[in-house]
Amino acid sequence: MNKRRGTLIILSGPSGSGKGTVLKNFFENYGDKNVKLSVSATTREPREGEIDGVNYFFISKTSFEKMIDEDKFLEWASFCDNFYGTPLSFVDENLENGCDVILEIEVQGALKVMEKRNDAVSVFILPPSAAELEKRLIGRQTESMDVIEKRITQAKWEISNLEKYTYFVVNDTVEDAAKKFKAIIDAERLKTDKQKDFEF
Ligand code: ADP
Ligand code: 5GP
């Protein structure tokens with residue numbers, strides 16, 4: 001009997017759409033040992049309170065380029081002047097062990113993963129309006145106005161790719177969005193080909 005392989009779940013959405021907040025609520029309320037969040041590597045500076053190895057692996061551009069050369073990324077992308085990448089070994093080890101793995105990544109990287117892994121499930125998240133997106137991004141107080149403007153410009157291109165995703169969740173309230181994200185994971189787990197270890 002084949003062991004169940006985990007599902008690769010991509011979560012994208014413009015900066016400020018609430019990916020981090022919704023995931024935090026999801027893990028607090030619905031997390032279990034069979035769902036893991038991939039920790040990315042990035043060349044961006046840590047924000048106040050971010051912890052190396054927890055939020056990101058904060059690395060230099062030279063170390064990032066070395067990882068690219070050594071094929072250590074499932075995907076990587078340049079986003080608003082910084083590099084971001086998904087370490088490959090964590091993803092594959094956990095999928096092999098039957099765990100679902102969530103990638104919280106921007107759209108360029110997500111499109112690469114969709115190409116490489118056609119069984120990946122993808123979720124796009126958006127706030128209820130463009131004005132609300134801007135309000136949340138400014139309200140977070142983690143970026144300067146010029147960085148916020150770059151992220152909003154990038155958001156327009158990102159949203160134009162929404163239809164390439166399997167699921168679309170509006171992040172109106174965090175609780176409701178996290179519940180919908182949980183429903184997606186539950187539905188994926190109930191797929192027949194994901195229940196290989198069932199015996200009757
Ligand atoms: P992302 O990870 O997509 O960049 P964040 O999770 O950091 O976005 O959220 C951006 C800002 O919006 C944060 O200040 C967060 O507290 C706030 N936020 C997230 N979701 C909601 C929501 N449903 N309603 C109101 N504010 C929200
Ligand atoms: P932030 O700087 O706000 O943490 O992240 C900026 C953007 O980079 C977000 O859209 C986030 O989802 C994305 N991101 C984080 N990690 C990765 C990654 O490993 N690969 C890619 N392609 N994007 C990532």
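Counting begins at 1 with the first residue of the sequence. Both ligands and their constituent atoms are indexed starting at 1 by order of listing. The basis for the numbers below is simple: all heavy atoms, side chains too, and nothing from hydrogens, waters or symmetry mates.
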Engineer: In terms of residue, atom name and distance, what is the protein heavy atom nearest to atom 16 (N) of ligand 2?
Structural biologist: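 The closest heavy atom on the protein side is Ser40 OG, 3.0 Å.
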
Engineer: Going by salt bridge (Lys or Arg N to Asp or Glu O under 4.0 Å), name the residues that satisfy it together with Asp186, two or more places apart in sequence or in a different chain.
Structural biologist: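 Checked Asp186 against salt bridge (Lys or Arg N to Asp or Glu O under 4.0 Å); matches are Lys182.
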
Engineer: Classify the ring geometry between Phe79 and Tyr84 as parallel (under 30°), tilted (30 to 60°) or perpendicular (over 60°).
Structural biologist: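 Perpendicular: the ring planes of Phe79 and Tyr84 meet at over 60°.
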
Engineer: How far is atom 23 (N) of ligand 2 from its nearest protein heavy atom, and which residue and atom name does that atom have?
Structural biologist: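 Answer for atom 23 (N) of ligand 2: Glu106 N, 3.1 Å.
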
Engineer: Under the side-chain contact (heavy atoms from CB on, under 4.5 Å) criterion, do Val107 and Phe124 qualify, and how do the steps go?
Structural biologist: CA-CA 9 Å; Val107 174; Phe124 199 91; 3.9 Å; yes

Engineer: Of the backbone atoms (N, CA, C, O) and the side-chain heavy atoms from C-beta on, which set of Gln108 has a member under 4.0 Å from an atom of ligand 2: side chain, backbone, both, or neither?
Structural biologist: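 Gln108 to ligand 2: no contact under 4.0 Å from either part.
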
Engineer: Ligand 2 versus Glu158, non-hydrogen atoms closer than 4.0 Å: side chain, backbone, both, neither?
Structural biologist: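 It is neither part, as no heavy atom is under 4.0 Å.
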
Engineer: Please classify the Thr173 to ligand 1 contact at 4.0 Å (heavy-atom distances, strictly less than): side chain, backbone, both or neither.
Structural biologist: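 Backbone only.
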
Engineer: Report the nearest protein non-hydrogen atom to atom 23 (N) of ligand 1: residue, atom name, distance rounded to 0.1 Å.
Structural biologist: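 Its nearest protein heavy-atom neighbour is Asn171 OD1, 2.8 Å.
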
Engineer: Is atom CD of Glu28 surrounded by more than 12 heavy atoms (other residues, nucleotides or ligands) closer than 6.0 Å?
Structural biologist: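 Count over threshold, so yes.
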
Engineer: Taking Lys150 first and then Asp146, would you say they form a salt bridge - that is, a charged N and a carboxylate O separated by under 4.0 Å?
Structural biologist: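 No, Lys150 and Asp146 are not salt-bridged.
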
Engineer: Suppose we measure from atom 26 (N) of ligand 1 to each protein heavy atom; which comes out shortest, and what is that distance?
Structural biologist: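 Checking every protein heavy atom, the shortest distance to atom 26 (N) of ligand 1 gives Arg136 NE, 3.6 Å.
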
Engineer: Below 4.0 Å, non-hydrogen atoms only: which portion of Arg151 touches ligand 2? Side chain, backbone, both or neither.
Structural biologist: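 Contact part for Arg151 vs ligand 2: side chain (C-beta onward).
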
Engineer: Name the closest protein heavy atom to atom 8 (O) of ligand 1, giving the residue it belongs to and the distance to 0.1 Å.
Structural biologist: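 Closest protein heavy atom to atom 8 (O) of ligand 1: Gly18 N, 3.1 Å.
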
Engineer: For Arg140 and Thr142, which I'm curious about, is there any donor-acceptor pair between the side chains at under 3.5 Å?
Structural biologist: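 Result is yes, a qualifying pair exists.
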
Engineer: Does at least one non-hydrogen atom of Pro14 fall below 4.0 angstrom from an atom of ligand 1?
Structural biologist: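 Distance cut 4.0 Å: Pro14 passes for ligand 1.
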
Engineer: Using distance alone, determine whether Trp76 and ligand 2 share an N or O pair under 3.5 Å.
Structural biologist: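 There is no such contact.
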
Engineer: Closest by any non-hydrogen atom to atom 4 (O) of ligand 1: pick that one out of Arg151, Lys135, Arg140, Glu143.
Structural biologist: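 Looking at heavy atoms only, Arg140 sits closest to atom 4 (O) of ligand 1.
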
Engineer: Atom 19 (C) of ligand 1: which protein heavy atom is closest, and how many Å away?
Structural biologist: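 For atom 19 (C) of ligand 1, the nearest protein heavy atom is Thr21 OG1, 3.6 Å.
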
Engineer: Would you compute the distance between atom OG of Ser12 and atom CD1 of Ile105 and round it to the nearest 0.5 angstrom?
Structural biologist: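 So the OG of Ser12 and the CD1 of Ile105 are separated by 5.5 Å.
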
Engineer: Mind checking whether Arg140 has an N or O less than 3.5 Å away from an N or O of ligand 2?
Structural biologist: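 No: no nitrogen or oxygen of Arg140 is under 3.5 Å from one in ligand 2.
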
Engineer: Write out the residue and atom name of the closest protein heavy atom to atom 11 (C) of ligand 2, then the distance separating them to 0.1 Å.
Structural biologist: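 Nearest protein contact, heavy atoms only, for atom 11 (C) of ligand 2 is Glu104 OE2, 3.2 Å.
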
Engineer: Which atoms from ligand 1 have a heavy atom of Asp172 less than 4.0 Å away?
Structural biologist: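 It comes down to these atoms of ligand 1: 22 (C), 23 (N), 24 (N).
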
Engineer: For Gly139 and ligand 1, answer yes if some heavy atom of the residue is under 4.0 Å from a ligand atom, otherwise no.
Structural biologist: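 No, that is not the case, since the closest heavy atom of the residue is not under 4.0 Å from the ligand.
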
